[in-house]
Amino acid sequence: MPTIGVGRDLLFAALGRTYTQEEFEDLCFDFGIELDDVTTEKAIVRKEKHLEEEAAEDEEVIYKIDIPANRYDLLCLEGLAQALRVFCGIQEIPTYKLADISKDAMLKMHVKPETSLIRPFVVCSVLRGLTFDKARYNSFIDLQDKLHQNICRRRTLVAIGTHDLDKLEGPFTYEALPPSSINFTPLKQERSFRADELMEFYKSDLKLKKFLHIIEDSPVYPVIYDSKRTVLSLPPIINGAHSAITLETKNVFIECTATDLTKAKVVLNTMVTAFAEYCENKFVIEPVEVISSDGKSHIYPDLSVHTMEVPLSYINGRIGISLEAEEVTKLLYRMQLYAKQSTSDNKQSNIIVSVPPTRSDVLHPCDVSEDVAIAYGFNAIMDQAIVDNNGSNRLAASLTLLPLNEMSDLIRKEVAMVGFTEVLTFILCSKKENFSMLNRKDDKSKAVIIGNPRSSDFEAVRTTLMPGILKTVAHNKDHPKPIKIFEVGDIAILDDNDVGAKNLRQLAALHCGAHAGLEIIHGLVDKVMEKNGITFSPGDKSGGYYIEESDEPEFFARRQARIIYKGKQIGIFGIVDPEVLKNFDITDPCSFVELNIESFL
């Protein structure tokens, strides 16, 4: 979840009242966000520089608030304060409008065909008569940074440029040119650079160097010019110094270049709706005509309201409550969604929801249900059965366990009943524990490796439950023997699917003691199979299971076996190799089994 920092006093002023910390925490919880930390700007600096100075009494208090990742409208003080005001009934939902100007009078952005080679899309808008002060200006810049880190995916999908329109002359052109032919003075610099020189210059810049790779190897760079060939920006790297906005800026031209047009529209809408309240004509936004290389014309921003029809029964069934349509519409209004009951003649009651341009996160009826649940109050939702007209228990049907989780719980219960104690170990481990300490070799084809791990103890996602089980025994060597423990948990292995890896639900059990023979752990295997209704049937590849000798390095030779079910290996058991026990500093013999329980479904 992204975290935003807002000044407490500025936020309270925007909300029209002050709160104690406890009251504000309650308000955040009711709205579905969380007050994560209370600090000051100077305290943040002291922490970063490891200083031990005492805090001054006049330091501005900063609230660090966790925001849902898809609520881009809450990433700045303006959007957050407005949403809370509507939620608390202090303000009505604002209506955003495009300025009433003719198409001929609109500013125009002409897109050249070469841009299709690098960043094909651009959307634009103007905020007229904007009034900045220091806090608003900082919030405006900070919102761009937050969006760049979030929906813009570090500027790879969308890059935002903001400019003082009074320093420019339209129409504008969006082009893609060879780096050597682009020359301008970038933001916060005093001399002109060629674009290729600029790439080298910013390789030592801690903030901008991480964006250079986006266009660095391209034969053409995207660039935006005004009618006098003044460079507005070299997206997604830097804006030009000529059109930099200041506290005195009154008219702001916003352009978003992108590889994803949908996200560009969302980003532009988020920027203009958050700060339109500071315009001379409140909530009125000036459109810009974007003329693509094929001659097609589009007007941005798109402030249209889209509607969806959601059955009332769906909302009640999803949440587990029983509300009338009128109650639901009032709750949705608190979440900035206009709603009304459908006037259709069918017997089913539906809610027609109008989604404003600020709520790009509302895509499906389940999003509407979520907002109703938030406004209703999670703590107010009781465990109660909602019965349909035909008498079926809808809540019970919607809250059944997933088959895999139900199977996991049943196996836990059965293994515990035969005397094993459940343990829960970390899903991350070191590569050494996952491979060499188990006498295994890493062929790079199986383990999911963690990039830039904080510790060598958490370098990889486990491919077996064995390291965690053995470490548990090693840390409890003084416990009376025998030690009988088990775990039901996930492992991860590389895969060719869209994600690149997949989880597997495993059962592992270990018996540690002087008499930890193969027959003990073999008996547990038979018990688990019996409880799943699977019979021992040597050579049966259809429905039974059998075992055959295996040769895995973590087990003692000729004291191990693989478990075959429906013709496939689903697990292995045996006496743990003495060298492996030595690696984990275990002195007593151990027998171990691990099998995949998803195969039983």
Side-chain angles (χ1 to χ4, degrees), residues 407-408 411-412 414-420 423 434-441 443 446 462-470 472-473 482-491 493 504-584 586 588-601:
M407 172 67 74
S408 300
I411 288 178
R412 286 187 177 101
E414 292 299 332
V415 177
M417 288 175 66
V418 296
F420 284 76
V423 297
N434 200 62
F435 294 106
S436 62
M437 290 178 69
L438 298 180
N439 291 344
R440 293 179 174 181
K441 291 183 179 180
D443 60 3
K446 195 172 183 180
R462 62 189 179 186
T463 59
T464 170
L465 300 180
M466 196 174 196
I469 294 279
L470 291 175
T472 302
V473 174
I483 296 175
K484 298 165 67 177
I485 56 176
F486 79 97
E487 179 174 10
V488 175
D490 283 1
I491 63 170
I493 58 173
L504 297 174
R505 184 67 55 83
Q506 305 283 105
L507 162 68
L510 179 138
H511 184 284
C512 178
H515 304 289
L518 190 65
E519 68 281 358
I520 296 175
I521 213 70
H522 190 179
L524 179 62
V525 173
D526 290 340
K527 182 70 173 179
V528 171
M529 292 299 190
E530 177 192 344
K531 287 297 180 179
N532 280 284
I534 304 168
T535 59
F536 184 75
S537 181
D540 184 357
K541 296 185 178 181
S542 57
Y545 84 98
Y546 59 95
I547 62 174
E548 61 183 25
E549 187 176 345
S550 62
D551 187 24
E552 298 297 334
E554 62 265 36
F555 293 105
F556 204 96
R558 301 185 62 82
R559 292 292 184 272
Q560 57 177 289
R562 61 175 62 96
I563 305 166
I564 310 297
Y565 174 52
K566 292 185 178 180
K568 295 181 180 180
Q569 179 177 332
I570 66 166
I572 189 170
F573 67 95
I575 306 297
V576 182
D577 188 278
E579 186 177 342
V580 172
L581 296 177
K582 182 179 178 182
N583 292 337
F584 285 90
I586 299 173
D588 293 283
C590 295
S591 54
F592 178 85
V593 61
E594 181 168 357
L595 55 86
N596 177 251
I597 64 177
E598 294 181 29
S599 56
F600 301 145
L601 294 175

Quiz item: Is it the case that more than 12 heavy atoms not belonging to F556 sit under 6.0 Å from its CZ atom?
Solution: no

Quiz prompt | Distance, nearest 0.5 Å, that separates CG of L595 from CG of L465 | solution = 10.0 Å

Exercise. Applying side-chain contact (heavy atoms from CB on, under 4.5 Å), run through S599 and K568 and close with a yes or a no.
Key: CA-CA 9 Å; S599 56; K568 295 181 180 180; over 6 Å; no

Practice problem: Could you list all the ring pair (Phe, Tyr, Trp, His ring centres under 6.0 Å) pairs where at least one residue sits in residues 512-540, not counting sequence neighbours? | Solution: H522-F573, F536-Y545

Quiz prompt | Side-chain heavy atoms of K484 within contact of V418, under 4.5 Å | solution = no

Self-check item: Side chains of L524 and F486 in contact at under 4.5 Å (non-hydrogen atoms)
Solution: no

Quiz item: Roughly how far apart are E554 CD and E579 CD, rounded to 0.5 Å?
Solution: 12.0 Å

Quiz item: In a check of side-chain contact (heavy atoms from CB on, under 4.5 Å) between K446 and each of T463, N434, I491, which one passes?
Solution: T463

Self-check item: Student check: side-chain heavy atoms of T464 and R440 closer than 4.5 Å
Solution: yes

Self-check item: Expected output: side-chain R412 to main-chain V488 donor-acceptor under 3.5 Å
Solution: yes

Practice problem: To the nearest 0.5 Å, tell me how far I534 CD1 sits from K566 NZ. | Solution: 7.5 Å

Quiz item: Which heavy atom of L510 sits nearest a heavy atom of C512, and at what distance?
Solution: CD2-CB, 3.7 Å

Exercise. Would you check if P589 and I575 make a side-chain contact, meaning some heavy-atom pair closer than 4.5 Å?
Key: no

Exercise. Return the minimal non-hydrogen interatomic distance between I521 and A509, and the atom names on each side.
Key: CD1-O, 3.8 Å

Quiz item: Could you give the distance from CD (E414) to NZ (K527), rounded to the nearest 0.5 Å?
Solution: 6.0 Å

Quiz prompt | H511 NE2 to I483 CD1 distance, which is reported to the nearest 0.5 Å | solution = 10.0 Å

Quiz prompt | Over all atoms of both residues, closest heavy-atom pair of E549 and R562 | solution = O-NH1, 3.0 Å

Self-check item: Validation row: V525, I547 side chains within 4.5 angstrom (heavy atoms)
Solution: no

Quiz item: In Å and rounded to the nearest 0.5 Å, what is the CD1 to CD distance from I572 to Q560?
Solution: 5.0 Å

Exercise. State, to 0.1 Å, how close G544 and S537 come at their nearest heavy-atom pair, and which atoms those are.
Key: CA-CB, 4.2 Å

Quiz prompt | Least distance between heavy atoms, S550 atom then A561 atom | solution = OG-N, 3.5 Å

Quiz prompt | Beyond-backbone contact of V528 with I597, side-chain heavy atoms, under 4.5 angstrom | solution = no

Quiz prompt | Test side-chain contact (heavy atoms from CB on, under 4.5 Å) applied to F592 and L470, step by step | solution = CA-CA 10 Å; F592 178 85; L470 291 175; 5.8 Å; no

Quiz prompt | All side chain to side chain donor-acceptor pair (under 3.5 Å) counterparts of E487, not counting sequence neighbours | solution = T425, R462

Quiz item: Is D490 reaching over with its side chain to a backbone N or O of Q506, donor-acceptor style, under 3.5 angstrom?
Solution: no

Quiz item: Looking at G574 and L518, what are the two nearest heavy atoms and their distance?
Solution: CA-CD1, 3.4 Å

Practice problem: Apply the test side-chain contact (heavy atoms from CB on, under 4.5 Å) to residues V576 and I586: give CA-CA distance (whole Å), side-chain angles for both, the deciding distance (0.1 Å), then the verdict. | Solution: CA-CA 11 Å; V576 182; I586 299 173; over 6 Å; no

Self-check item: side-chain contact (heavy atoms from CB on, under 4.5 Å) between D588 and V473, intermediate numbers included
Solution: CA-CA 10 Å; D588 293 283; V473 174; over 6 Å; no

